[in-house]
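To keep things clear, I will list the structure first and then write my remarks on it.
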Amino acid sequence: MTKQYLILTIFIILGSSLNNYRACTNLIVTKGASTDGSVMITYSADSYEMYGELYHYKAGVYPEGATIQVFEWDTGKYLGTIPQARVTYNVVGNMNEHQVAIGETTFTGRKELINPEGIIDYGSLIYITLQRATTAREAIKIMIDLVNEHGYYSSGESFSIADKNEAWIMEMIGKGPGVKGAVWVARKVPDGYISGHANQARITTFPLDDPENCIYSEDVISFARKRGYFSGSDEEFDFAAAYNPLDFGGIRYCDARVWSMFRRVNDTMDSHLPYIKGETLERMPLWIKPDEKISVHDVMQLMRDHYEGTELDMTKGVAAGPYEMPYRCSPLSFTVDGVKYFNERPISTYQTGFSFVSQARSHLPDEIGGVLWFGVDDTYMTLYSPMYSSMTELPYNYKVGLASLGEFSWDSVFWVFNAVSNFAYPRYSLIIEDIQRKQNELEGLYLTRQETIEKTAKSLLNKSRGEAIDYLTNYSIECGNNTYNTWKKFFEYVNMKYMDGVVKDEYGKPIRVGYPEEFKKLIAKVDGDKIKMKKLQPEIDMAYKTSIDNGEKCLAERDYINAKKHFEKALELKPAENYPAGKLVKIEEILASIEELHKERFITR
């Protein structure tokens, strides 16, 4: 066994962190990689403790000395109080009125570098920064200033940071208990390229003298040396290797999701499948150029993925069940007879609280150019509705506080979407096309109307900024209301159509679809004689009598062929009976005589 394969084997055996990943997914699309010059990032907030709702921080002006309390985003724990900015900007979800958007995925990394005394957790870092930044570069500076001044509370994070002109990937980890600040690297994604991250640090080596495209903390290398994480030259320094060393889970659960997005837009990415399978440690590139430019709708679809069409395809295998369900119950790994196994972890998953596609455009005014295409629950089953980042009010059913993970409410768009998705999971292959048709119908409507809506908003903006913002606010609320009402009605429809294990046709008539043939064969193979139908003696007697009676009737009608079939059936039911056996002998003699007579009379020699 080579050293490399030995390392990978150890990773598999010792991968105790496989079930501990906070699992989110980000895609980053630069202006030159999109069909319309949009800069886009995506984010799925995935956690079994995440309730999906749309956050809104209104713009404000504050007096000198004002403060804000910081609560950990994940738990609500109070972390401390920090000075408030004099001016803050409007924030809708993860995008502000200046078209700045931020997403994240947690890579955790070296746990000894967590600072429990820090005040700024990763979630607060995002939303405080969005209230203060006008560009992506400014957002990076604000984020660093916040953790340097107040301490970084969370573990390792990858951030997607974008504005209307450029997009960055930044990775950060703390310095340990009681130490403020963080070590970090931020790289600008080259125009015309896309990048992504999914709970595994992605920045490896980086240029040390290119501040226009790469910035980093002064001590990012020296700190790693001091802690014994790295011993080579500066040029050899690998951020991910130092602060988030690879294990099998980091590849298969995390980088595999990035690979699955990349492979759908670039034909060369299948060459990295050996890495995804743990057969090599040769990593994927940090960014790639798509074969064709991609649209907002393309990006939505990239966030809908279960590795379909690959070796990792989750619609296949025993765990997919009879209806090809591409979901697996948690935890991700399990042990049987002392051997550890795992389930795939796709982009689309049960436990998504919310997700979005942010769209920023430099050719439009900020009031119009920023759109957060927002959805709740599983990305494969969600519907992305346009929420303009300048909007000043939210759709009622999306608001914070309507419900929670512990409190169901039909008023909550999150619970409405969960009603559909959780109904759909066990009957996935039967119902998914209905869901996709409804998605395409509404998302297609919103995308088609976008140009007209924005043309009207631009005309209003020339007269009054307030009127333009009110118009976009009302339109966003209208779309949110339409999504909520349509999906609630859609749940009623699918519940009617697919109830009780049948599928109703267009006339409401139930069709007993049963199980697919391959699954029936599997059932027969596994359960065997336990479920094999049996004939009881009264049933045999009745069937025997019926066969004899039918045979006699055919004989009376000189229908020897069918008589033979009925007596054969009778003999099959009761092999020891002489009566059907005797009848069959006579029928064979008659048939043979008929054949001879036929040859004699009709076949000339």
Side-chain angles (χ1 to χ4, degrees), residues 23-46 94-95 101 103-105 158 160 162 167 169 189 192-200 202 253-270 272-273 276 284-310 312-315 326-327 344-349 352 354-360 371-386 432 435-436 439-440 442-444 446-447:
C24 305
T25 306
N26 282 198
L27 177 66
I28 305 170
V29 180
T30 58
K31 182 186 296 189
S34 67
T35 55
D36 65 348
S38 294
V39 179
M40 294 177 276
I41 66 172
T42 72
Y43 177 41
S44 61
D46 304 337
N94 287 54
M95 192 177 200
E104 61 76 32
T105 70
S158 301
S160 303
I169 177 172
V189 182
Y193 286 73
I194 68 171
S195 186
H197 50 93
N199 307 112
Q200 172 65 45
R202 296 264 292 127
Y253 294 155
C254 305
D255 274 355
R257 281 177 274 148
V258 178
W259 168 77
S260 201
M261 290 187 289
F262 281 7
R263 72 175 176 84
R264 291 171 63 183
V265 298
N266 184 301
D267 287 342
T268 68
M269 287 307 298
D270 281 343
H272 293 277
L273 183 58
I276 301 307
M284 297 183 296
L286 181 58
W287 43 64
I288 63 165
K289 191 167 187 175
D291 294 336
E292 298 178 359
K293 293 187 177 185
I294 55 182
S295 67
V296 173
H297 185 253
D298 292 333
V299 174
M300 293 175 182
Q301 294 302 99
L302 288 172
M303 291 299 287
R304 293 168 171 147
D305 190 272
H306 308 104
Y307 304 113
E308 285 88 349
T310 76
L312 284 59
D313 191 338
M314 295 182 69
T315 65
Y327 298 87
E344 305 293 355
R345 198 310 194 176
I347 294 169
S348 298
T349 185
T352 302
F354 66 84
S355 62
F356 67 76
V357 176
S358 69
Q359 181 184 19
V371 187
L372 191 80
W373 296 87
F374 184 80
V376 292
D377 194 31
D378 180 355
T379 60
Y380 213 87
M381 312 249 178
T382 197
L383 196 148
Y384 290 110
S385 303
I432 190 59
I435 292 174
Q436 290 171 331
Q439 282 175 330
N440 290 334
L442 263 69
E443 288 175 351
Y446 299 151
L447 288 164

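Ring centers of His272 and Phe262: at least 6.0 Å apart, outside the cut-off.
You'll find the side chain of Glu308 stays beyond 4.5 Å of the side chain of Met314, heavy atoms only. At least one side-chain heavy atom of Thr105 sits under 4.5 Å from a side-chain heavy atom of Asn199. Between Trp259 and Met284 there is a side-chain heavy-atom pair separated by less than 4.5 Å. At least one side-chain heavy atom of Thr349 sits less than 4.5 Å from a side-chain heavy atom of Arg345.
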Practice problem: Might you work through the side-chain contact (heavy atoms from CB on, under 4.5 Å) test for Ser38 and Gln359, ending with a clear yes or no? | Solution: CA-CA 6 Å; Ser38 294; Gln359 181 184 19; 3.1 Å; yes
Exercise. Apply side-chain contact (heavy atoms from CB on, under 4.5 Å) to the pair Phe374 and Leu383, showing each step before the final yes or no.
Key: CA-CA 8 Å; Phe374 184 80; Leu383 196 148; over 6 Å; no
Exercise. Evaluate the side-chain contact (heavy atoms from CB on, under 4.5 Å) criterion for residues Thr315 and Tyr307: first the C-alpha distance (whole Å), next the side-chain angles of each, then the deciding distance (0.1 Å), finally the verdict.
Key: CA-CA 9 Å; Thr315 65; Tyr307 304 113; over 6 Å; no
Exercise. List the steps and the verdict of side-chain contact (heavy atoms from CB on, under 4.5 Å) for Val371 and Tyr384.
Key: CA-CA 11 Å; Val371 187; Tyr384 290 110; over 6 Å; no
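A donor atom on one side chain and an acceptor atom on the other are found under 3.5 Å apart for Ser295 and Asp298. For Thr352 and Asp46, the side-chain atoms include at least one donor-acceptor pair closer than 3.5 Å. No side-chain donor-acceptor contact under 3.5 Å links Ser44 and Thr379. Defined by atom type and a distance below 3.5 Å, a donor-acceptor pair is present between the side-chain atoms of Glu104 and Tyr43.
Of all the heavy atoms in Leu312 and Ala256, the pair that sits closest is CD2-CB, 4.5 Å. Shown here for Asp378 and Ser348, the closest heavy-atom pair between the two residues is OD1-CB, 3.5 Å. Tyr446 approaches Pro386 most closely through the heavy-atom pair CD1-CD, 3.6 Å. Among all heavy-atom pairs drawn from Ile194 and Ile294, the shortest one is CG2-CD1, 4.2 Å. Contact detail for His306 and Pro346: the closest heavy-atom pair is CA-CB, 3.8 Å. Closest heavy-atom contact between Arg202 and Leu286: NH2-O, 3.0 Å.
Under the rule for a salt bridge (charged side-chain N to carboxylate O under 4.0 Å, His left out), the partners of Asp255 that lie at least two apart in sequence or sit in another chain are Arg283. Partners of Ala198 according to the side-chain contact (heavy atoms from CB on, under 4.5 Å) rule, which considers only residues two or more places apart in sequence or in another chain, are Thr25, Arg257, Val258. Qualifying side-chain contact (heavy atoms from CB on, under 4.5 Å) partners for Ser160, counting only residues two or more places apart in sequence or in other chains: Asn26, Ile28, Ile41, His197.
Salt bridge status for Arg264 with Glu292: absent, with no side-chain N to carboxylate O gap under 4.0 Å. Under the 4.0 Å criterion applied to side-chain N and carboxylate O atoms, Asp305 and Arg263 are assigned as salt-bridge partners.
Note that CD of Gln436 and CG of Asn440 are 7.0 Å apart. Values are rounded to the nearest 0.5 Å. The line from CH2 of Trp373 to CD of Glu443 is 8.0 Å long, rounded to the nearest 0.5 Å. Atoms CZ and CG, from Phe354 and Leu372 in turn, are 9.0 Å apart once rounded to the nearest 0.5 Å. To the nearest 0.5 Å, atoms CZ (Phe356) and OG1 (Thr42) are separated by 7.5 Å. Between Leu302 atom CG and Ser260 atom OG the span is 9.0 Å, to the nearest 0.5 Å. Atoms CG and OG1, on Asp270 and Thr310 in that order, are 8.5 Å from each other to the nearest 0.5 Å.
Screening Gln301, Arg304, Met300 against Gln439 for a side-chain contact (heavy atoms from CB on, under 4.5 Å) leaves a single residue, Arg304.
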